[in-house]
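Just so you know, ligand 1 is whichever comes first in the structure, and atom 1 is the first atom listed for that ligand. Side chains are part of it too, since the values below use all heavy atoms of this structure and drop only hydrogens, waters and symmetry mates. Predicted model only: the values in this text are computed from it and were never measured.
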Amino acid sequence: MSIRLYALGVGDTFTEKHHTHALLLEAEGFRLAIDCPDSYRRVLRHARDKAPPATAAALDLAGIDHVLVTHVHGDHMNGLEGVAFYKRFAQHSRLSLHTIAAVREGLWEQRLAASMGRLWDGTKFIELDFADYFAWNEVSLEQATTIGPFTVRARRTTHHVPTSALIIEHAGRSIGISSDTAFDPALVQWLAQADLVVHETNHGPAHTAYADLLTLGQDIRDKLRLIHYPDEFDIAGSAIRVLREGDVLDV
Ligand SMILES: [Zn+2]
């Protein structure tokens with residue numbers, strides 16, 4: 001038993017080389033998307049083109065009904081509108097959306113309602129609400145949250161807006177995901193409970209410098225896989241392993 005991790009998008013918000021932050025976790029046939037960047041079906045398609053052919057079935061939006069959004073920055077969630085429209089119009093269903101409470105606050109009213117709150121049905125405008133598109137499930141910061149076969153623990157990071165880091169477990173195996181965060185040794189220690197840790201690196205006070213990650217002990221560095229790196233990051237020269245788009249890891 002293991003968790004299958006698909007690396008879909010590894011770049012930052014300024015990238016011209018990559019898609020932005022997106023992961024997909026799979027266990028027992030259940031798929032949980034972590035973040036949902038722009039043009040999400042194309043993100044899946046590009047990963048499908050790079051990943052082993054046997055994994056292609058997982059990388060199809062029709063079979064992805066659960067999305068966990070770590071925070072309301074476009075490079076992590078700009079695709080939510082299109083995915084929810086796809087679920088509504090193409091599949092006549094709702095998207096199961098998982099977030100901590102602070103991420104849910106304002107997500108509809110301040111972000112999505114402008115483009116999704118009103119539809120023309122051919123004769124008149126109809127008003128729609130968050131619950132018309134989304135089945136929302138709170139990811140607790142206090143206790144473990146069950147999402148399908150996964151047990152999810154969340155912890156706030158230090159970032160511009162409310163953001164959750166995650167440890168996602170299934171059958172005794174686990175993956176830590178930092179999402180966006182300033183360098184936080186206590187957070188890294190918490191994440192390092194997991195068997196593998198997907199950690200961001202980028203520039204600026206609200207992100208984690210590569211040089212800071214190099215100060216961590218070798219046992220922790222061995223668990224890390226870098227994501228959210230700038231285009232100029234020296235992947236080949238990195239002393240910490242780096243996720244590439246199309247990577248499929250069985251953890
Ligand atoms: Zn961010």
Next on the checklist: Using ring centroids (six-membered ring only for Trp), state whether H19 and Y40 fall under 6.0 Å.
Outcome noted: no
Item to check | Side-chain donor-acceptor contact under 3.5 Å, D35 with T70 | outcome: yes
Checklist outcome for this item: Taking the Zn ion (ligand 1) as the apex, NE2 on H71 and NE2 on H159 give an angle, to 10°, of 100°
Checklist entry - Looking just at side-chain N and O atoms, do H228 and D75 make a donor-acceptor pair shorter than 3.5 Å? => result yes
Checklist entry - With under 30° as parallel and over 60° as perpendicular, where do the rings of W108 and F134 fit, or are they tilted in between? => result perpendicular
Checklist outcome for this item: Atom name of the N, O or S atom of D180 nearest to the Zn ion (ligand 1) is OD2
Checklist entry - In H73, the N, O or S atom nearest to the Zn ion (ligand 1) is which? => result ND1
Item to check | N, O or S atom of H207 closer to the Zn ion (ligand 1) than 2.8 Å | outcome: no
